[in-house]
Amino acid sequence: MTQERSRKISLKKASLTLITSDENRFRIRYRDELNEAQYEAATHLDGPALVVAGAGTGKTRTLTYRVARLIEQGVRPESLLLLTFTRKAAREMLRRASLLLDERTERVSGGTFHSFANAALRRHAGEVGYSSDFTILDQGDAEDVINLLRTRLGLATRSKRFPKKQTLLRMYSASVNTLTPLDLVIAKDFAQFSEQVDDIEKLAQAYVAYKRQNNVMDYDDLLVNLVTLLEKHEGIRQKMGETYRYVMVDEYQDTNRLQARIVRQLAAAHNNVMVVGDDSQSIYSFRGANFRNIMDFPKEFSDARVITLEENYRSTQPILDFTNEIIRLAAEKYSKELFTSRGDGMTPALISMEGENTQSRFIAQQILDLREEGVPLKEIAVLFRAGYHSFDLEIELARANIPYVKFGGLKLMETAHIKDMLAYLRIVENPKDIISWTRVLMLCDGVGPVSAERVTDEILGGLNPLRDSADERIGQIVRGKEIPALLDVLRDIAAPAIAPGDKVERLLRYYTPVLKARYDDHPKRLKDLEMFQTIAERYGQLSIMLTDMALEPPNESVEDLLPDGHEDEYVTLSTIHSAKGLEWNSVFVMYLVDGRFPVSAAAESSDSMEEERRLFYVACTRAKQRLYLTYPTNIYDRATGTILSKPSRFLDGIQDDLLEGFVVEQDD
């Protein structure tokens, strides 16, 4: 006993290095695969973090490796939530993570804000006054509901022009996404309708009531109702916080105020949230995106770690030197200096010429020269501020036999013939879908708005046209041989056992004569319908297919995707907004004249002018090897009645060593 007590107790200095820093315990060699800043972001474990990812600095790679690292450190994959702006982006990140690691990444939750909201609301719809089988209105459906209510309220027949359905939806959506009262939205962006604010607000109230009454939500409702669910139901918020212990958000500079509130609530229990984005690429305020979200993140999360990615893997150093200077002059930003190890290249070129057509001919000729030098047409893009800026160029490209694809125009799900098909299918899924009934009824000869409304009134009163017993009542309202055929095909495909692809195939047999009678270009539209059937065949349940179509529809129709002549390669023409996230070997940015870029309207607000600067930055950072900036010095602007001749103000103060100037001499 005495000997036991006399033993000397000594202290040995212990290492404070956590076991998680022992890189040998991980399958992936993170230090070898990532640069220093990427490694810092990928290995960040607990607490809030903002990753400011400059253009081309590998943010997707960084997020992918962080997903893998968290799983390797023992975090349950099910507790990771990855929110992105397209489902494709989430799938791609998780696919890459699975290649790095293993199938555990398949258990990570990933998707868009809207798809996440949809899933959460399906589980808790009753808490926000809906049933779990609610229908989602896409943009066209929402516009049709507004138009129906506009007519019912007698607002469509006023002698004074009332806003169209598309304008009304934009007003309402802007109010919701920016959390701004409707009257202020109208005063700021739709001043021409200021005298009709009371009626517009009355219609907005009717729209909200209609959606609740008919158990439907539009895109904005998904976010609004999720915010309500999280902020007003503490138990649900805590449960979600326990389920998703690590939240990651991509493209945070593009979030709106509702999405920022969702992130705040999801992270309330643990603060384990990492947002990734680039303040210098915040260009979507017209969609409700809020530049302040990314700028104020360190204030919202006071202990946030800010990590800046600056090593660029896309562009040459001369292009980066120029784009660094563009954004250096921004009024508010996170400081970053992009650099690359790719070495030198061509100094960006500023080319001036006298007229607009000279600009078009110069670009067309330069494209041909680049192709002769070995640059594929698919590696060449012409970017512009507004879609109409390329009209003259398109003519010159056609004359030079240069194939091109222009990004813009109607998307597949916005075309009339696809909207028709979706209407038939939505009726099968929800026989009380009044908007879809109105659409398909009016595709029948002899059925106009009045008789269609009489039928839909009966449906609202409880009539189900998919039952045989409804034939007599509908026959009393609408006469004609096409109505029985319509009801027959709808009843035929209503059976749950029939797969979505088979439903569409049967519908096509019925709809093809309708298509041929209504559209002169029906062969092209049939190609779209064939694509639609192929998409439908991927699904096992109609409800899942319709939800996916509403939340994230396929983007382009065949007509949009294929250049004239179906060439193997083509030049890309694109608005800058559509080009974000893409890259090409050689990029032309055209019409760099004050009034065109920046647009004249931007002068009304410093915030708008700063967004125009960021838009210019986005355009220039798409180039990998060659960057050409062009401007004509003699443009007549019909809107203002003035001659535009001053180069873009964003070129003011740029040193000669960063931008090499050229003048195109007018030939005979």
Side-chain angles (χ1 to χ4, degrees), residues 114 130 134-158 161-176 193 199-222 224 410-444 447-461 465 478 486 490 507 511 514-515 518-519 525 528 532 545-551 553:
H114 290 87
Y130 280 81
F134 61 83
T135 300
I136 300 172
L137 300 174
D138 66 15
Q139 180 176 326
D141 297 326
E143 290 171 356
D144 289 343
V145 170
I146 289 171
N147 202 44
L148 174 69
L149 298 172
R150 178 174 172 258
T151 302
R152 286 183 177 177
L153 292 173
L155 299 173
T157 57
R158 298 287 183 86
R161 187 167 68 92
F162 197 73
K164 294 181 179 180
K165 60 182 182 180
Q166 296 90 342
T167 305
L168 289 163
L169 183 60
R170 285 203 304 273
M171 291 177 181
Y172 300 153
S173 185
S175 174
V176 170
F193 297 113
D199 285 336
I200 294 171
E201 289 184 331
K202 179 181 177 183
L203 179 55
Q205 293 166 4
Y207 178 50
V208 171
Y210 174 94
K211 288 184 290 184
R212 286 199 173 276
Q213 178 185 348
N214 291 279
N215 198 39
V216 297
M217 297 187 198
D218 61 21
Y219 290 148
D220 298 331
D221 292 325
L222 293 171
V224 169
L410 285 176
K411 306 304 183 187
L412 179 64
M413 293 299 148
E414 297 169 352
T415 54
H417 47 296
I418 298 296
K419 296 287 289 182
D420 293 344
M421 293 298 289
L422 286 170
Y424 294 121
L425 294 170
R426 284 183 174 133
I427 287 171
V428 170
E429 184 66 19
N430 177 11
K432 291 188 175 182
D433 189 332
I434 303 304
I435 295 302
S436 294
W437 272 114
T438 301
R439 186 179 189 97
V440 302
L441 286 168
M442 291 181 63
L443 290 173
C444 300
V447 179
V450 175
S451 52
E453 185 173 2
R454 290 176 62 194
V455 173
T456 57
D457 284 344
E458 292 287 336
I459 295 171
L460 285 173
V478 183
L486 168 64
L490 290 174
L507 269 177
Y511 179 71
V514 178
L515 181 81
R518 296 179 72 86
Y519 303 109
R525 294 175 186 262
D528 285 349
F532 182 77
M545 172 183 155
L546 292 176
T547 296
D548 282 357
M549 294 292 181
L551 287 176

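Sequence positions, counted from 1, serve as the residue numbers for this chain.
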*Of all the heavy-atom pairs spanning Ala206 and Leu153, show the shortest one and how long it is.*
CB-CD1, 4.1 Å
*Rounded to the nearest 0.5 Å, what's the gap from OH on Tyr207 to CG on Asp221? Could you check?*
6.5 Å
*Which pair of heavy atoms, one from Ala423 and one from Val440, lies closest together, and at what distance?*
CB-CG1, 3.7 Å
*Can you measure from CD (Glu429) to OG1 (Thr547) and round to the nearest 0.5 angstrom?*
7.5 Å
*Calculate, to the nearest 0.5 Å, the distance between atoms CG and CG belonging to Leu422 and Leu507 respectively.*
10.5 Å
*Given Gln205 and Val208, is the side-chain contact (heavy atoms from CB on, under 4.5 Å) satisfied, shown in steps?*
CA-CA 5 Å; Gln205 293 166 4; Val208 171; 5.8 Å; no
_For the backbone of Pro163 and the side chain of Arg150, can you confirm whether one donor and one acceptor N or O come within less than 3.5 Å of each other?_
yes
*How far apart are the C-alpha atoms of Leu441 and Leu486, what are their side-chain angles, what is the distance that settles it, and do they pass the side-chain contact (heavy atoms from CB on, under 4.5 Å) test?*
CA-CA 8 Å; Leu441 286 168; Leu486 168 64; 4.1 Å; yes
*For Arg439, which residues count as a salt bridge (Lys or Arg N to Asp or Glu O under 4.0 Å) partner, sequence neighbours excluded?*
Asp420
_With side-chain hydrogen bond (donor to acceptor under 3.5 Å, both in side chains) as the rule and sequence neighbours excluded, what pairs involving residues 449-461 come up?_
Glu458-Arg473
*Nearest 0.5 Å please: distance from the CG atom of Leu155 over to the CG atom of Leu168.*
9.0 Å
_When you compare the side chain of Ile434 with that of Tyr210, does any pair of heavy atoms fall below 4.5 Å?_
yes
*Quick one: list whatever passes side-chain contact (heavy atoms from CB on, under 4.5 Å) with Thr151, sequence neighbours left out.*
Ala156
*Non-neighbouring partners of Glu143 that pass side-chain contact (heavy atoms from CB on, under 4.5 Å), sequence neighbours left out*: Gln139, Lys165, Gln166, Leu169
*asked:* Between Tyr219 and Asp138 (side chain of the first, backbone of the second, donor and acceptor by atom type, cut-off under 3.5 Å), is there such a pair?
replied: no
*Can you tell me how far the CG atom of Leu222 sits from the CD1 atom of Ile136, to the nearest 0.5 Å?*
5.0 Å
_If you apply the rule side-chain contact (heavy atoms from CB on, under 4.5 Å), what do you find for Val145 with Asp141, and how did you get there?_
CA-CA 6 Å; Val145 170; Asp141 297 326; 5.6 Å; no
*Are side-chain heavy atoms of Asn215 and Thr135 found at a separation under 4.5 Å?*
no
*side chain to side chain donor-acceptor pair (under 3.5 Å) partners for Thr438, two or more places apart*: none
_Any carboxylate oxygen within less than 4.0 angstrom of a Lys/Arg side-chain nitrogen, looking at Lys211 and Asp220?_
no
*Would you mind reporting whether His417 and Phe532 have side-chain heavy atoms less than 4.5 Å apart?*
no
*Any side-chain heavy atom of Arg426 sitting closer than 4.5 Å to one from Leu546?*
yes
_Partners passing salt bridge (Lys or Arg N to Asp or Glu O under 4.0 Å) against Asp433 (at least two apart in sequence or in another chain)_ = none
*Under a 4.5 Å cut-off applied to non-hydrogen side-chain atoms, are Leu460 and Trp437 in contact?*
no
*asked:* To the nearest 0.5 Å, what is the distance between CG on Asn214 and CZ on Phe134?
replied: 14.5 Å
*Please report the C-alpha distance between Leu443 and Arg518 in whole Å, then the side-chain angles of each, then the deciding distance to 0.1 Å, and finally whether the side-chain contact (heavy atoms from CB on, under 4.5 Å) criterion is met.*
CA-CA 9 Å; Leu443 290 173; Arg518 296 179 72 86; 3.4 Å; yes
_Show, in sequence, the C-alpha distance, side-chain angles and deciding distance for Asp218 and Tyr172, and conclude whether the side-chain hydrogen bond (donor to acceptor under 3.5 Å, both in side chains) test is met._
CA-CA 11 Å; Asp218 61 21; Tyr172 300 153; over 6 Å; no
